[in-house]
Amino acid sequence: MRVGDTSPWPSMATGAVAEESGVDGYTKDGTVDLKGNPVRRSHRGGWSACFFIVVYEVFERTAYYGIFSNLITYLTDKLHQGTVAASNNVTNWTGTVWMTPILGAYIADAHLGRYRTFIVASAICFLGMSLLTLAVSMSSLKPPPCLEPNIEHCKPASRLHLAVFFTALYTLALGTGGTKPNISTIGADQFDDFHPEEKAQKLSFFNWWMFSIFFGTLFATTTLVYIQDNVGWSLGYGIPTVGLAIAILIFAAGTPLYRHKLPTGSPFSRMAKVIVATAWNWRQPLPNDPRQLHELQLEEYTKKGAFRIDSTPSLRFLNKAAIRTGSSTHPWKLCTVTQVEETKQMLRMIPILICTFIPSTMLPQAHTLFIKQGRTLNRSFGSNFQIPPASLTAFVTISMLVSVIIYDRLFVKIMQRLTNNPRGITLLQRMGIGMILHILIMTIASLVERHRLDVARQNGSRQELPLTIFTLLPQFMLVGVADAFTEVAKIEFFYDQAPESMKSLGTSYSMTSLGIGNFLSSFLLSTVSHITEKHGNGWIMNDLNASHLDYYYAFLAVLSAINFFLFLLISKFYVYKAEVSDSLKVLTEKLKENKLKPSNPDEKWATTRARSDEGRAHLPPFSLF
């Protein structure tokens, strides 16, 4: 990638990463304030700005997981839905929550920008939370209580009850479509890729971002879940509603400190133009020299604070979109090389995206079937305390928090010495380790469920089995460890590998993965339940003691193994995109220098690095060995 020789940003040095150690240094990545003016590094951005963003995320995650973690309990106990119906409603809603970010990313990148899209979406989230709190608080909006052990004997929820409750849920889902793809992107935008020290901070940002998320999740899955089960749903939903309002105010308070990226037009239309132009020029021969393809002058990009991308040999057929044919410059018949390369970058990630669907299908099990298993076990802790089954998801959070800290502070340091990679290992390697853990999780879950069924057969049809709920602890904790690898890597990978003008859309890829994973979970659950019941031996029924969840978990383990080997194959041919700056290269060379001589504790990161159009360092292809 290249930037031009001139720029509207003060102090931009020609073809170099400018010296930015002074207090008057301007950012070099095109970030501006809300009025579109260039910003000084000392005045905006960095961890000071991220403080407000991270605090918002703690409160917002508390609100989301305060609903999500125990939603299956409310659907079965209060709205009297069966196991399969309730599980599918949870995963369908969660799938929608993670699919709507595509819309939010489009609005942010094409029209409003990330900040304004986020503010509007936050207001919609608050509206949904308020309506949801109202729905669980008013007796007229839910069926009468029922103490029957078989929910089929309870009065079902009316259409009005379901309409109000699910309208509130999906209003919240619509709002999160604007917050989720933009909040983490806004956070990452606070670090300048052209400044080696800030680039190093950005490499740790996504680890600590996930740390903040799961800190909020820990409160939700312990305190809020307990309140919902033992005090009341009105207070259990009211607290996160108030918390969300506070979070929005905290985020707004940090506005003077934020750096912003300007909207650059619809990413979908830019990619569509490349596809159409490729088809239009399909019969045209490609020139041997890529410099003969259509491209704008460097000044056209730099005056907008944008980046020009050199032609690459991958997906070479798309280069036809940049073939000049006569004097026509129609945007649907002729595209720039940069436009073509942006499209290539988004398309190259799709095979990796597809490989993340199955791991995303594993995650909902911890919030649906794992919790239903817990309700059949002995939940006593001490003489009087009963553990809410949904609180076991707190151990997902705890293991995630511990894993992220160990990964960032210990594992990365060790691997840096071995690989000279500032990240320790590549993003795809990190993702692959998480996928291996998912296979292990489902295998352990299957074995634990087989043991639970043996105990159930020995004790007849008792509602509560003489088996502690902590029997499920290993599978819950391993989910957190897997998240520390797979989920963090997904967010960083799709953000990092997206072109600079499509970062929100790139971030939405990771959320689309979770959305499709949840819908796929609903499909698999319904299909397997239907097929096995049809053959007289149902794997998933309302009575788990008469079911065979162990078979279902084993099926998911096999599915995960097949997906992992497909991921290995696809990752082997993936080529990481070139960096927009040499900051990562500077960090890599710094690691090599530290291996050759004792490190000087007073030595500062180099902030000046000559940039070259050639010799861009690509991260190595994926390899587990």
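The first residue in the sequence is number 1, and the count goes up from there.
- Using modelled atom types, one side-chain atom of S391 and one backbone atom of T221 make a donor-acceptor pair closer than 3.5 Å.
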Inset, instruction - Kindly determine whether L353 and F494 satisfy side chain to side chain contact (heavy atoms under 4.5 Å, CB included), including the steps that lead there. - result: CA-CA 9 Å; L353 172 65; F494 290 122; 4.0 Å; yes

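- Within 6.0 Å of CZ on R450 lie no more than 12 heavy atoms contributed by other residues, nucleotides or ligands.
- Between Y258 and Y115, the ring-plane angle classifies as tilted under the 30° and 60° cut-offs.
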Legend entry - Test ring pair (Phe, Tyr, Trp, His ring centres under 6.0 Å) applied to F519 and F357, step by step: CA-CA 10 Å; F519 286 126; F357 293 163; over 10 Å; no

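- With sequence neighbours left out, the side-chain contact (heavy atoms from CB on, under 4.5 Å) criterion links V55 to F51, F59, I250.
- To the nearest 0.5 Å, atom OG1 of residue T179 and atom CD of residue E57 are 7.5 Å apart.
- Within the 3.5 Å criterion, the main-chain N or O of S526 finds no donor-acceptor partner in the side chain of S529.
- N518 contributes no side-chain N or O that, together with a main-chain N or O of P364, makes up a donor-acceptor pair within less than 3.5 Å.
- Atom CG of N89 sits about 4.5 Å away from atom CD of Q81, to the nearest 0.5 Å.
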Inset, instruction - Begin with the C-alpha distance, continue with both residues' side-chain angles, and end with the deciding distance and a verdict on salt bridge (charged side-chain N to carboxylate O under 4.0 Å, His left out) for R379 and D229. - result: CA-CA 13 Å; R379 296 179 281 138; D229 279 5; 5.3 Å; no

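- Within the 4.5 Å cutoff, no side-chain heavy atoms of F485 are placed close to those of M431.
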Legend entry - Full working for side chain to side chain donor-acceptor pair (under 3.5 Å) between S560 and N563: CA-CA 5 Å; S560 297; N563 181 76; over 6 Å; no

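- Every residue two or more places apart in sequence or in another chain that forms a salt bridge (Lys or Arg N to Asp or Glu O under 4.0 Å) with D454 is listed here: R457.
- Interatomic distance, L244 CG to R61 CZ, rounded to the nearest 0.5 Å: 10.5 Å.
- Contact of the H451 side chain with the L467 side chain is registered, since non-hydrogen atoms from C-beta on lie closer than 4.5 Å.
- Here the closest non-hydrogen pair linking A86 and I72 is CB-CG1, 4.0 Å.
- For W93 and Y64, the ring centers sit closer than 6.0 Å to each other.
- Side-chain atoms of S513 and S360 form a donor-acceptor pair, as typed in the model, at a separation below 3.5 Å.
- Here the CD1-CG distance, from I469 to N378, works out to 9.0 Å after rounding to the nearest 0.5 Å.
- A cation-pi geometry, defined here as NZ or CZ lying under 6.0 Å from the six-membered ring centre and within 45° of its normal, does not hold between K490 and Y495.
- Judged as a ring-ring contact (aromatic ring centres under 6.0 Å, His included), the pairs with a partner in residues 366-401 (not counting sequence neighbours) are, in order, F68-H367, Y226-F385, F370-F476, F370-Y553.
- Here the side chain of S269 pairs a donor or acceptor atom with the backbone of S266 at under 3.5 angstrom.
- Taking the side chain as every heavy atom from C-beta outward, T133 and S234 never approach each other to under 4.5 Å.
- Using a 4.5 Å heavy-atom threshold, the side chains of P267 and M346 count as separate.
- The six-membered or imidazole ring of W539 lies away from that of Y552, with a centre-to-centre distance of 6.0 Å or more.
- Separation of atoms CG (L363) and OG1 (T94) is listed at 10.5 Å; rounding is to 0.5 Å.
- Applying the side chain to side chain donor-acceptor pair (under 3.5 Å) criterion to T185, with sequence neighbours excluded, gives T507.
- For S399 (side chain) and M477 (main-chain N/O), a donor-acceptor pair under 3.5 Å exists by modelled atom type.
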Inset, instruction - Apply side chain to side chain contact (heavy atoms under 4.5 Å, CB included) to the pair R375 and T73, showing each step before the final yes or no. - result: CA-CA 10 Å; R375 296 181 70 82; T73 301; 3.6 Å; yes

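- Between H535 atom NE2 and H530 atom NE2 the span is 9.5 Å, to the nearest 0.5 Å.
- Not one N or O on the side chain of T117 forms a donor-acceptor pair closer than 3.5 Å with the backbone of R114.
- Each of S522, S87, S521 was compared with N92 under the side-chain hydrogen bond (donor to acceptor under 3.5 Å, both in side chains) criterion, and only S522 meets it.
- Without hydrogens or angle criteria, S69 side chain to G66 main chain gives no donor-acceptor distance under 3.5 Å.
- Side-chain contact between Q475 and E449: absent, with no pair of heavy atoms (C-beta onward) separated by less than 4.5 Å.
- Checking side-chain atoms of K372 against main-chain N and O of L544 turns up no donor-acceptor pair under 3.5 Å.
- Proximity of a side-chain donor or acceptor of H80 to a complementary backbone N or O of T76 within less than 3.5 Å is not detected.
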Inset, instruction - Assess whether ring pair (Phe, Tyr, Trp, His ring centres under 6.0 Å) is satisfied between H111 and Y106, documenting all intermediate values. - result: CA-CA 8 Å; H111 301 291; Y106 164 75; 5.3 Å; yes

Inset, instruction - Tell me, with the steps shown, if S158 and H161 meet side chain to side chain donor-acceptor pair (under 3.5 Å). - result: CA-CA 5 Å; S158 69; H161 301 154; 3.1 Å; yes

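- Using a 4.5 Å heavy-atom threshold, the side chains of D109 and K503 count as separate.
- Side chains of R452 and T376: a donor-acceptor N/O pair is present below 3.5 angstrom, by distance only.
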Inset, instruction - Assess whether side chain to side chain contact (heavy atoms under 4.5 Å, CB included) is satisfied between K142 and W233, documenting all intermediate values. - result: CA-CA 12 Å; K142 53 189 175 183; W233 292 90; 5.6 Å; no

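- Among all heavy-atom pairs drawn from L141 and L134, the shortest one is CD1-O, 3.9 Å.
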Inset, instruction - Could you go through the ring pair (Phe, Tyr, Trp, His ring centres under 6.0 Å) check for F493 and Y509 one step at a time? - result: CA-CA 10 Å; F493 175 80; Y509 270 26; 9.4 Å; no

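- For S184, there are no side chain to side chain donor-acceptor pair (under 3.5 Å) partners two or more places apart in sequence or in a different chain.
- A donor-acceptor contact closer than 3.5 angstrom links the side chains of S380 and Q386.
- Listed by chain and residue number, F206, M210, S510 satisfy the side-chain contact (heavy atoms from CB on, under 4.5 Å) test with I491 (two or more places apart in sequence, or in another chain).
- No donor-acceptor pair under 3.5 Å is formed between the side chain of K155 and the backbone N or O of P144.
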Inset, instruction - Before giving the answer on side chain to side chain contact (heavy atoms under 4.5 Å, CB included), spell out for L514 and E487 the whole-Å C-alpha distance, their side-chain angles and the decisive distance to 0.1 Å. - result: CA-CA 9 Å; L514 290 169; E487 297 309 308; 3.6 Å; yes

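- Residues Y74 and F165 place their aromatic rings such that the two centres sit under 6.0 Å apart.
- The side chain to side chain contact (heavy atoms under 4.5 Å, CB included) test with I67 singles out one residue from L132, T241, L224, V97, and that residue is L132.
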